[in-house]
Amino acid sequence: MSQFLKPFLVALDGHPEVADMIAESAEAEGFEAVALQDRRLIETTLAVAAADVLVVDLDGADRALAALSRRPEQERPPRVILMTEVAISGSATPMGLAADVVATLHKPLTAVGLTDALREAFAAVRGDGTGR
């Protein structure tokens, strides 16, 4: 991967203002990002452009897993930043996402928490050489 290519992040949340804030913050941290509010759109977006990082709330995780299952097997799954309104244990993380969760954020989101999670995900993507 070229050092000049930006990792691609998909921010998925049912609240447009939250998805937009995440995408804007991600762009400030060096990602190419898109905000999605409609969970049905994630299938299309992930099929067109393989996400390096997926920010998704726990409620949308099942739909994200369904979309990710359609990716070619040789592609590394995206790193996941999981958002939740309640504290969860590792066992509550959806099975198909557990290995790729790099951070868990509790809603309401804070700027510091979001920035830290984005930086962790960016480092993880750059560290394993994935990215577009």
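Heavy-atom minimum distance, Ala103 versus Glu120: CB-OE1, 4.4 Å.
Contact annotation: the side chain of Met83 never approaches that of Val56 to less than 4.5 Å [non-hydrogen atoms, C-beta and beyond]. Contact check for Val125 versus Val53: side-chain heavy atoms found under the 4.5 Å cut-off. Counting heavy atoms from C-beta outward, Thr84 and Leu105 have side chains that stay 4.5 Å or more apart. Glu32 has its side chain out of reach of Pro7: every pair of non-hydrogen atoms, C-beta onward, lies at least 4.5 Å apart. You'll find the side chain of Leu12 stays beyond 4.5 Å of the side chain of Val55, heavy atoms only. Residues Val102 and Val80 are not in side-chain contact: their nearest non-hydrogen atoms beyond the backbone lie 4.5 Å or more apart.
Phe31 CZ to Lys6 NZ: the interatomic distance, rounded to the nearest 0.5 Å, is 11.0 Å. The line from CG of Leu9 to CG of Leu54 is 7.5 Å long, rounded to the nearest 0.5 Å.
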Donor-acceptor pairs under 3.5 angstrom involving side-chain atoms of residues 110-117: please list them, not counting sequence neighbours.
from	atom 1	to	atom 2	distance (Å)
Thr110	OG1	Gly113	N	3.0
Thr115	OG1	Ala111	O	2.9

Extract all donor-acceptor atom pairs below 3.5 Å that involve side chains of residues 19-26 and protein atoms in other chains or at least two apart in sequence.
from	atom 1	to	atom 2	distance (Å)
Ser25	OG	Met21	O	3.0

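Salt bridge annotation for Asp57-Lys107: present, with a cationic side-chain nitrogen under 4.0 angstrom from a carboxylate oxygen.
In this structure a side-chain-to-backbone donor-acceptor pair under 3.5 Å is present from Asp52 to Phe8.
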Evaluate side-chain contact (heavy atoms from CB on, under 4.5 Å) for Glu29 paired with Arg119, printing each intermediate quantity in order.
CA-CA 7 Å; Glu29 292 300 323; Arg119 288 178 178 165; 2.9 Å; yes
